Amino acid sequence: MSTRSSHSELAKIAQAMVAKGRGILAADESTGTIGKRFESIGVQNSEENRRAYRDMLFSAKGVGEYISGVILYDETLRQKSADGTPFPKLLASQGVIPGIKVDTGAKDMALCPGETVTEGLDGLAARCAEYVKLGARFAKWRAVITIGRDIPSASCVWANAHALARYAAICQANGLVPIVEPEVLMDGDHTIDRCEEVTEWTLNAVFDSLYNLRVKPEEMVLKPSMVISGKSCKSQAGVAEVAERTIAVLKRTVPSAVPGIAFLSGGQSDALSTAHLDAMNRLGSLPWAVTFSYGRGLQAPALKAWGGAVANVASAQKVLVHRARMNGLAATGQYRADLESKAA
Ligand code: 13P
């Protein structure tokens, strides 16, 4: 085989997912999770409302300028726009790569109270093959690490790292670029020091497992959480500190052969998640593209503006494109807070 792995088809998709000034929209909420989002705006969690909401997001004019890919949920991958166009086709027409969440959720981990391990490996190869046929080009799997008293345990860190690596290997063998997402939760009163320690441990375990299971770093995207103070920690680290510590940990743990790092927003406010990303990209030249793969960080204002009403679709789309543009600027270190008030 003469093809070097950085020139493979999957490596090209991975590079396109983190192309300069663009990032990923995570719209892969499970039926339960989207139900919680809908509840906050008083909208019923019906299949048609879920379809209409995603249709609003995906058909927003100009969204492809800042969004390289969208992560879908199984149901969404099979749904269609109001004019009958399947969502993967609609996204492709916007220059956006369709992706798919393939894990089946974080479940209580046996013998590890308060901790979870992510499931979904059984039958995954066959599901990947079907998803490729439906138009997906990349996948996502989210592992959850909780910080608390005496946790995370080594059992939890290694079980999740192993599952992430098994998932990533199965994806690469079946034509999908794996987004490898180890999320260290920001819930709790822990300090940023503790978050840094746990994030570094987790990422080392993840890359060790990926190597052991032969996963090619050129053909994946890492989706980590930021190194940040616990949500209820009394002393909150500022934007510059979060950016510096996050990049320091990533430099210690992530091979430069990985084309890009696309952060989750994890419950940070939309403006703060943009400011953190921008500050990281102002730290000088980095070994990988550093961009976003936000769910709430991109969708929260658009969800509110939509409120379930057809009459609000156009204004909600404007709000979404604005947030996407702000994050696109942050992905190249060109965001300025005063651009927020100049919203369309
Ligand atoms: P948040 O940005 O809302 O954390 O969602 C990203 C995601 O895909 C979580 O798995």
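Atoms within each ligand, like the ligands themselves, are counted from 1 in listed order. Worth saying up front: this structure is predicted, and the values here are computed from it rather than measured.
- Cluster annotation: Val184 and Val206 are assigned to distinct hydrophobic clusters (Ile/Leu/Val/Met/Phe/Trp/Tyr, side-chain heavy-atom contacts under 4.5 Å, transitive).
- Enumerated by chain and number, the residues approaching ligand 1 to less than 4.0 Å through a heavy atom are Ala26, Asp28, Lys140, Arg142, Glu181, Lys223, Leu264, Ser265, Gly266, Ser293, Tyr294, Gly295, Arg296.
- Checked against the 6.0 Å centroid threshold, Phe58 and Phe87 count as a close aromatic pair.
- The stretch residues 144-153 participates, sequence neighbours left out, in these side-chain hydrogen bond (donor to acceptor under 3.5 Å, both in side chains) pairs: Glu115-Ser153.
- Here Thr253 pairs with nothing under the side-chain hydrogen bond (donor to acceptor under 3.5 Å, both in side chains) rule; sequence neighbours left out.
- Looking at Glu340 and Tyr335, their side chains do bring a donor and an acceptor atom within 3.5 Å of each other.
- Grouped by direct or indirect side-chain proximity (heavy atoms under 4.5 Å, Ile/Leu/Val/Met/Phe/Trp/Tyr only), Val144 sits with Leu185.
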